[in-house]
Amino acid sequence: MEPDVDLDDLKALWAANDSAFAATLRLERAEALSAKAERRIWFELAVDAIAILVIGSFAADTIGQPRFAIPAILLGLYAIGFEMARGRQLVALKTLDYGEPVLEIARSLRATRARRAVAVRWIALIAPLLWVPLQIVALRALFGIDAYAAFGVPYLVANALFGLACIPAGLWLARRFGPRLGATSWARAFADDLTGRAFSDAIAALQRADAYAREA
Amino acid sequence: MDRPTAEAAFLDRLARHRGIPRKVAAAYCGHPADREDCAAEIVAQLWRSYPRYDSTKAFSTWAWRIAVNVAISFYRRGRTDAERTVAVAGDAFDRVASPETATPEPLERLYELVARLDEFDRALVVLYLDDRPYTEIADVLGITPSNVATKLNRIRNRMKEWSRTWTSTI
């Protein structure tokens, strides 16, 4: 072939090798593969829903005792937010029609990815603050222990402050070491979500798809 | 349409366009194992989306769209994820997932060039190489036919530039 490669030369090469693609197709055995990823999401949704019910029930039982009810309500709101974010993601993916034009699907997927990145970031940033409410509710619900009396308020305040300090520390660690993690590892994905890098990447990709459709 | 009839219709149509999953997978995945997984995922998605297929429209256009959409997602995910497979009709999976011959070397060289393009230009080039008309390429990508022509000219020029610095021959 000439040093200057032309698309039409490649077209001829492509056509000449068309049978290679076809030759690899063969009938063999019938097999159904299960949708493990989807089942896992449904399982997690169910677990979240049960958690919301249990926390809601605890809050209702202790509604006359604000020191237990308020932590339970905070946990419940967090769990509801978590469930909504997960549910929204699932609905977005389930309703996606891959038979639509490529740029349209690219935009939908990237917008979904950006929303997911925002949701994960907030969920992760708020989580350390809920360590104290979780202790109060879990100890009371599971063992009947009053954390305020058992550990004292200073201990709980110290725990809350520790949770607060975990946020900037976690962000620093994610920024510092996130890029060194394997590009496809879950830890890298989490670090990218936490630092906002995943959101920025999704928005940049969305803009690229828009630009591709516009440019002529 | 009941399931056996739908399966039969799907397999019949897929048989007539059975090269699409592997061609698209090869354009987006460098590693042979990834290509196989990607092609399998394309077939899985074709079957999953088949109830939405409008039979008054060309199956090939619909199949190309799904193949490219799945391949771009696969490519962006950057890895094989065997868990993201779904139930596939009959033996459709094996039809495309079982390689019997290696991809010829000149074609690999061609893919080296294609791999330099971004994800949308890759789709455009693969469709062009497959001799799809501009209107169909535009329909698959969601752009206008004139836009297709413009982009192809740019790609053509870029490929010529690359080939000048390319030491290997195709």
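Chain naming here is simple, since letters A, B, ... match the order of the sequence lines and numbering starts at 1 in each. What you are looking at is a predicted structure, and each value in this text was computed from that prediction instead of being measured.
Contact of the B/L46 side chain with the B/V70 side chain is not registered, since no non-hydrogen atoms from C-beta on lie closer than 4.5 Å. Contact of the B/D34 side chain with the B/F74 side chain is registered, since non-hydrogen atoms from C-beta on lie closer than 4.5 Å. For the pair B/L124 and A/Y212, the minimum side-chain heavy-atom distance is below 4.5 Å. By the 4.5 Å heavy-atom criterion applied to side chains, A/P179 and A/R197 are counted as neighbours. Side chains of A/W131 and A/C166 form no contact here, defined as non-hydrogen atoms less than 4.5 Å apart. Here the side chains of B/V68 and B/F120 are not in contact, with every heavy-atom distance at 4.5 Å or above.
By the neighbour-count criterion of 12 heavy atoms within 6.0 Å, atom CZ of A/F177 is densely surrounded, having more than that number from other residues, nucleotides or ligands. By the neighbour-count criterion of 12 heavy atoms within 6.0 Å, atom CZ of B/R52 is densely surrounded, having more than that number from other residues, nucleotides or ligands.
Identified by a heavy-atom distance below 4.5 Å to chain A, the contributing residues of residues 131-140 of chain B are B/D131, B/D139, B/V140, in residue-number order. Chain A is approached within less than 4.5 Å, heavy atom to heavy atom, by B/W62, B/R65, B/I66 from residues 53-67 of chain B, ordered by number. Annotation: residues 109-126 of chain A contacts chain B through A/L109, A/R110, A/R113 [non-hydrogen atoms, separation under 4.5 Å].
Between A/R107 and A/D210 a salt bridge is recorded (basic side-chain N to carboxylate O distance below 4.0 Å). Using a 4.0 Å cut-off between a side-chain N of Lys or Arg and a carboxylate O of Asp or Glu, B/R158 and B/D121 qualify as a salt bridge.
The aromatic rings of B/W47 and B/Y50 sit parallel, their planes meeting at an angle under 30°, below the 60° perpendicular limit.
Geometric assessment of B/K151 against the ring of B/Y128 yields a negative cation-pi assignment under the 6.0 Å and 45° thresholds. Relative to the ring axis of B/Y75, B/R122 places its NZ or CZ within 45° and under 6.0 Å from the centre.
Only the side chain of B/V125 comes within less than 4.5 Å of a heavy atom of chain A; its backbone N, CA, C and O stay farther away. Residue B/I20: no heavy atom, backbone or side chain, is found under 4.5 Å from chain A. For B/I42, no part sits under 4.5 Å from any heavy atom of chain A, backbone or side chain.
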Under 3.5 Å donor-acceptor pairs involving side-chain atoms of residues 47-57 of chain A, not counting sequence neighbours:
| from | atom 1 | to | atom 2 | distance (Å) |
| --- | --- | --- | --- | --- |
| A/D48 | OD2 | A/R86 | NE | 3.0 |
| A/D48 | OD2 | A/R86 | NH2 | 3.1 |

